[in-house]
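Since the structure comes first, as structure tokens, the remarks are kept for the end.
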Amino acid sequence: MSRKPIIAGNWKMNLCQSEAKSLFDGISSFVSNYKATELPCVVIAPVFTSLCCVHSIPCDCGCGGNKLSVAGQNCHWEASGAYTGEISVEMLKDAGCSFVIIGHSERRQYFSESDEMINKKAKAILAGGLTPIICCGESLEQRESGATDEWIASQIRAALSGISSEDVSKSVIAYEPIWAIGTGKSCDADEANRVCKMIRSVVSEVAGSSAADSIRILYGGSVKPSTIEEQMSKSDIDGALIGGASLKADSFNEIIEKTMKSCTCCA
Ligand code: 13P
């Protein structure tokens, strides 16, 4: 089954509006040089206050999708109300987002996000017609003690609990080993692929083989232009979630360009 790759840039808490605008200009002018069928699905996730400085670029092939899509970095599961500092799915949609990153290890670690909260967010995002990018990943201690697979399987089972197979198939999972984030030490591509394959088998167990075949599983953690080709050559890695290297148009565009070789379809 062919899955259209996703190259997603998580800008984290970086770039004020003028900087976000110039990075967006550098990416959008690059993407505009290509047909949608040549490109991976490109996603950028700026801070909330810079969502007004970027916009999606629709596909030119009439499929209804985007050449470039915008993501929120987080959301609340409630529609509105007394939740100071939070943002709803509807608000992100209103600001032009079609994806939302949830369960990033930085949110789990610094903001005590639980599996249950991540599951509620995933359901709210899907109910709102957006696509969740559900992050999972193990710490160095877990890896060294051999607990990686069990830990990630439990994160995935919890995140997808009670979600229909159809909605699971539309979702995106990002495997981001915590020890590889921002360290310059990318996970070995064969090992990242092994974990992504294991995640796919957990998806198959909870949502069936058709959802497991359709769901896109990304790798994240020190992805660079020099690592992307090997990562994309692996059977179960369907793209990348990129932090540091997404903050410069040159490196992000190079990653897109190197991924284009594996793009064969549009939708
Ligand atoms: P780096 O690419 O900077 O390692 O960050 C990865 C990440 O956390 C993306 O969500």
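The first residue of the sequence shown is numbered 1, and numbering continues consecutively from there. For ligands, and for the atoms within them, numbers begin at 1 and follow the listed sequence. All values below come from the heavy atoms of this structure, side chains included, with hydrogens, waters and symmetry mates left out.
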**Message:** Check this for me, if you would: do Lys120 and Glu78 make a salt bridge, where the nitrogen-to-carboxylate-oxygen distance has to be below 4.0 angstrom?
**Reply:**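 Salt bridge absent between Lys120 and Glu78.
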
**Asked** Can we say Asp236 and Arg194 salt-bridge, meaning some charged N sits less than 4.0 Å from an Asp/Glu carboxylate O?
**Response**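 A salt bridge is absent here (no side-chain N lies under 4.0 Å from a carboxylate O).
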
[X]: which residues meet the salt bridge (Lys or Arg N to Asp or Glu O under 4.0 Å) condition with it, sequence neighbours left out?
X      : answer
Glu257 : none
Lys123 : none
Lys170 : Asp167

**Per-ligand residue contacts, ligand 1, heavy-atom threshold under 4.0 Å** =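 For ligand 1, the residues that come within the 4.0 Å heavy-atom cutoff are Asn10, Lys12, His104, Glu176, Ala180, Ile181, Gly182, Gly221, Ser222, Leu241, Ile242, Gly243, Gly244.
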
**Request:** Answer yes or no: is there a side-chain heavy-atom contact under 4.5 Å between Ile125 and Lys93?
**Result:**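 Result no, sub-4.5 Å side-chain heavy-atom pair not found.
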
